[in-house]
Amino acid sequence: MTDALEALDKYELSDPDEAVLLAAELEEDPILPRALVVLVSDHRFEVEGDDTDRLVCELLGEFGFTVDGVVRVKSKKSDIRKAIETGVVGGADLVLTLGGTGVGPRDKTPEATRSVIDKLVPGVGQAIRSSGQACGAVDACTSRGICGVSGSTVVVNLAPSRQAIRDGISTCAPLVTHLVGELNRYSLQ
């Protein structure tokens with residue numbers, strides 16, 4: 001019995017290894033990536049019965065994202081930029097914008113996004129346009145939407161049609177998950 005107590009005393013005196021504790025925490029409690037959704041439109045998303053917000057939250061949830069919130073903004077560059085910055089400052093892993101990616105005079109989402117991001121990731125936008133063309137989502141394949149990184153947040157612009165949203169999320173979710181993993185891996189070192 002005395003030997004067992006002495007062995008326990010040895011373990012109690014040594015401090016736990018921080019790296020082992022961190023690794024154990026990460027294995028036990030996987031952190032789901034967090035997203036903020038920004039709906040950009042002067043009218044479209046305010047129509048009674050529009051459930052775009054619910055659709056987007058459901059689709060992101062299927063890919064393992066937790067949606068912190070849905071923000072509705074007018075098609076004004078400063079409002080779009082502020083909404084994106086809210087997600088970045090709030091620590092979201094993904095800010096997903098919907099709308100304002102066409103060629104009309106009120107379509108300003110790519111410009112607002114460019115003013116916030118540090119690095120462009122053009123392959124994600126290219127993949128979304130290519131996939132949109134394949135599935136017949138005309139607004140997705142003609143979108144000027146971009147993807148980039150601001151701090152440790154990935155920002156992606158999608159066209160606003162339901163077909164473009166469904167296809168865009170299924171196309172970009174694995175790519176964004178990869179980018180978030182890279183950003184988190186390098187920020188922990």
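- In this structure L120 satisfies the side-chain contact (heavy atoms from CB on, under 4.5 Å) test together with I117, P122, I146, sequence neighbours excluded.
- For the pair V180/V154, a side-chain contact is recorded, criterion being any heavy-atom separation below 4.5 Å from C-beta on.
- At least one donor-acceptor pair under 3.5 Å links the side chain of D139 to the backbone N or O of S161.
- Annotation for R129 and G145: closest pair NH1-O, 2.8 Å, computed over non-hydrogen atoms.
- Among residues at least two apart or in separate chains, there is no salt bridge (Lys or Arg N to Asp or Glu O under 4.0 Å) pair with a member in residues 113-123.
- C172 approaches I128 most closely through the heavy-atom pair CB-CD1, 3.8 Å.
- Counting only distance, with no hydrogens or angles, the side chain of K108 and the backbone of K76 share no donor-acceptor pair below 3.5 Å.
- Looking at residues two or more places apart in sequence or on another chain, you find a side chain to side chain donor-acceptor pair (under 3.5 Å) between E58 and R54.
- In plain terms, the two heavy atoms of S41 and S75 that are nearest each other are CA-OG, 3.6 Å.
- Closest heavy-atom contact between A159 and I165: O-CG1, 3.7 Å.
- Side-chain atoms of S130 do not come within 3.5 Å of backbone N or O of Q126 as any donor-acceptor pair.
- Under the side-chain contact (heavy atoms from CB on, under 4.5 Å) criterion, P105 pairs with no residue, sequence neighbours left out.
- For the side-chain contact (heavy atoms from CB on, under 4.5 Å) test, residues two or more places apart in sequence or in another chain that qualify with R166 are L55, L59, R162.
- Annotation: side chain of V124 is in contact with side chain of L179 (closest heavy-atom distance under 4.5 Å).
- Applying the side chain to side chain donor-acceptor pair (under 3.5 Å) criterion to T101, with sequence neighbours excluded, gives S143.
- For residues 168-180, the set of pairs meeting the side-chain hydrogen bond (donor to acceptor under 3.5 Å, both in side chains) definition, not counting sequence neighbours, comprises S131-T171, H178-E182.
- Among residues at least two apart or in separate chains, side-chain hydrogen bond (donor to acceptor under 3.5 Å, both in side chains) pairs with a member in residues 77-100 are T97-N157.
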For residues 60-71, run the donor-acceptor check on the side chains, cut-off 3.5 Å, and write out each pair with its distance to 0.1 Å, sequence neighbours left out.
residue	atom	partner	partner atom	Å
D68	OD1	R34	NE	3.4
D68	OD2	R34	NE	2.7
D68	OD2	R34	NH2	2.7

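- For D107, there are no side chain to side chain donor-acceptor pair (under 3.5 Å) partners two or more places apart in sequence or in a different chain.
- Qualifying side-chain contact (heavy atoms from CB on, under 4.5 Å) partners for A140, counting only residues two or more places apart in sequence or in other chains: A137, A164.
- The main-chain N or O of G99 is found under 3.5 Å from a side-chain atom of T109 such that the two form a donor-acceptor pair.
- Here E111 pairs with R144 under the side chain to side chain donor-acceptor pair (under 3.5 Å) rule; sequence neighbours left out.
- The closest side-chain heavy-atom distance from L96 to I169 is below 4.5 Å.
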